[in-house]
Participant: 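My structure is below; once you've seen it, I'll send some questions.
Just so you know, these numbers use all the heavy atoms, side chains as well, and skip hydrogens, waters and symmetry mates. Just so it is clear, the structure is predicted and the values come from calculations on it, not from any experiment. Atoms within each ligand, like the ligands themselves, are counted from 1 in listed order.
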Amino acid sequence: MKTIVITGGVGFIGSHLCERLLKEGNKVIAVDNFVTGNKANVNAFLSNENFSLIEHDITKPLEIEGEVDQIFNMASPASPVDFPRIPIEILLTNSLGTKNVLDFAVSKNARILQASTSEVYGNPLEHPQKETYFGNVNTIGPRSCYDEGKRFSEALLLAYKRKKNADIRIVRIFNTYGPRMRPKDGRVMPNFINQALEGKPLTVYGDGSQTRSFCFVSDEADGLIKLMNSNYNKPVNVGNSNEMTIKQLAELVIKQIESKSEIAFEPLPGDDPAKRKPDISLAKKELGWEPKISLEEGLAKTIDWFRQSAGK
Ligand code: NAD
Ligand code: UDP
């Protein structure tokens with residue numbers, strides 16, 4: 001039995017990690033300040049004696065008694081709607097917050113996995129994106145609080161590895177979706193699914209020709225756990241390489257829900273990446289990981305969840 005700390009543990013991906021790691025028989029400690037996380041995501045685990053929840057903002061030093069084996073540092077707002085709303089908090093969480101979690105990891109002699117993002121590639125000029133690509137980020141644009149915060153966090157992990165021998169893992173997560181995303185999260189999946197369920201127009205930004213590649217959350221959690229338990233300590237892309245346009249996604253959601261909704265085109269937000277698709281050959285080679293859930297199957301599970309949680 002390992003003791004595993006998950007910062008951002010009540011969030012979307014964090015809560016799925018809690019569930020998986022508890023099922024595997026570990027002791028799990030979730031740390032969260034609830035800025036974007038929904039406590040209901042972990043309600044089902046509160047009665048589990050191997051689970052505990054600590055309300056804490058990681059921009060303050062982290063102290064937990066006892067031994068810790070592994071830390072997943074998932075804490076950070078992640079939706080583009082949060083970038084103009086709380087940019088300073090996002091920058092501080094990924095910089096000062098990551099430093100505090102790293103100091104905690106070093107003090108416990110624990111392995112730390114940092115949740116980085118495909119956003120470190122910005123609006124990529126290389127396609128698909130390999131881990132060796134340095135990226136194309138606008139340092140002062142509307143997404144820079146997130147992109148530069150995550151780039152700083154990667155640099156800080158490497159500095160802690162070189163100077164303090166920290167035991168690090170870095171995952172670059174690509175667009176992930178599934179149950180427990182906030183209905184008003186603002187990301188494309190919850191927006192489209194809720195709009196289609198309510199018979200409202202699906203808001204496609206721009207002409208919908210921009211692409212993304214969507215990974216179901218159980219596959220993503222599996223990749224993160226495999227990376228944590230591997231010997232590979234440089235950044236690894238974990239995502240699904242099934243690329244599609246946002247207009248195609250809108251059409252698929254309408255079809256799967258059998259909704260009468262139409263598509264409404266709205267202005268494209270600034271610096272919205274034109275295309276994104278992970279090259280996952282490194283994850284396949286080093287982790288023996290690849291996604292298993294098709295978009296149709298993952299969408300069906302996600303739609304069911306949003307149907308059941310409507311009005312709650
Ligand atoms: P989420 O918003 O659902 O979860 C983030 C959690 O972190 C929330 O529970 C929030 O309350 C908590 N948090 C934020 N700032 C904190 C702070 N200062 N102290 C303590 N807790 C704090 O988002 P998510 O989609 O689950 O993302 C989880 C991680 O994965 C993030 O680091 C995000 O950048 C990364 N990521 C996610 C995606 C994706 O598609 N979901 C893609 C790339 C990277
Ligand atoms: N998007 C959209 N309509 C929405 C929400 C998002 O067309 O209601 C687009 C957005 O402009 C982007 C893509 O869908 O091109 C994915 O957006 P999301 O916010 O989910 O994540 P991103 O990949 O941009 O971080």
Participant: Assess whether a salt bridge exists between Glu119 and Arg276, defined as any Lys/Arg side-chain N lying under 4.0 Å from an Asp/Glu carboxylate O.
Facilitator: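 Between Arg276 and Glu119 there is a salt bridge, with a charged N closer than 4.0 Å to a carboxylate O.
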Participant: Is ligand 1 under 4.0 Å from a heavy atom in the side chain of Ser118, in the backbone, in both, or in neither?
Facilitator: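 The answer is neither; Ser118 stays 4.0 Å or more away.
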Participant: Going by atom types only, do Ser153 and Asn94 share a side-chain donor-acceptor pair under 3.5 Å?
Facilitator: no
Participant: May I ask you to identify the nearest protein heavy atom to atom 2 (O) of ligand 1, giving residue, atom name and distance to one decimal place in Å?
Facilitator: Thr36 OG1, 2.6 Å
Participant: Lys275 and Pro124: which non-hydrogen atoms are nearest, and at how many Å?
Facilitator: O-CG, 3.2 Å
Participant: Looking at side-chain heavy atoms only, is the closest gap between Ile225 and Arg20 below 4.5 Å?
Facilitator: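 Of all side-chain heavy-atom pairs linking Arg20 with Ile225, at least one is under 4.5 Å.
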Participant: Any heavy atom of Arg180 sitting closer than 4.0 Å to ligand 1?
Facilitator: no
Participant: May I ask which of Tyr146, Phe214, Phe12, Phe34 has a heavy atom nearer to atom 36 (N) of ligand 1 than the others do?
Facilitator: Tyr146
Participant: Measure and list all N/O to N/O distances between ligand 2 and the protein that fall under 3.5 angstrom.
Facilitator:
from, atom 1, to, atom 2, distance (Å)
ligand 2, 3 (N), Thr203, O, 2.5
ligand 2, 7 (O), Tyr205, N, 2.8
ligand 2, 8 (O), Asn191, ND2, 2.8
ligand 2, 8 (O), Thr203, O, 3.2
ligand 2, 8 (O), Thr203, OG1, 2.9
ligand 2, 8 (O), Tyr205, OH, 3.3
ligand 2, 11 (O), Asp272, OD2, 2.5
ligand 2, 15 (O), Gln210, NE2, 3.0
ligand 2, 15 (O), Arg212, NH2, 3.3
ligand 2, 15 (O), Asp272, OD1, 2.6
ligand 2, 15 (O), Asp272, OD2, 3.3
ligand 2, 20 (O), Val188, N, 2.8
ligand 2, 23 (O), Asn175, ND2, 2.9
ligand 2, 23 (O), Arg212, NE, 2.6
ligand 2, 23 (O), Arg276, NH1, 2.8
ligand 2, 24 (O), Arg143, NH2, 2.9
ligand 2, 24 (O), Arg212, NH2, 3.2
ligand 2, 25 (O), Arg143, NH2, 2.9

Participant: Measure Glu89 to ligand 1 on non-hydrogen atoms and call it side chain, backbone, both or neither using the 4.0 Å cut-off.
Facilitator: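 No part of Glu89 comes within reach of ligand 1.
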Participant: Between Glu243 and Lys277, what is the shortest heavy-atom contact and its length?
Facilitator: OE1-CD, 3.5 Å
Participant: Give the residue and atom name of whichever protein heavy atom lies nearest to atom 11 (O) of ligand 1, and the separation in Å to one decimal.
Facilitator: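 Protein heavy atom at minimum distance: Asp32 OD1, 2.6 Å.
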Participant: Considering non-hydrogen atoms of the protein only, which is the closest contact for atom 39 (C) of ligand 1, and what is the distance?
Facilitator: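 For atom 39 (C) of ligand 1, the nearest protein heavy atom comes out as Arg187 NH1, 3.4 Å.
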Participant: With heavy atoms under 4.0 Å as the rule, classify the contact between Thr176 and ligand 1 as side chain, backbone, both or neither.
Facilitator: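 Answer for Thr176: both.
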Participant: Who passes salt bridge (charged side-chain N to carboxylate O under 4.0 Å, His left out) against Lys247, sequence neighbours left out?
Facilitator: Glu251
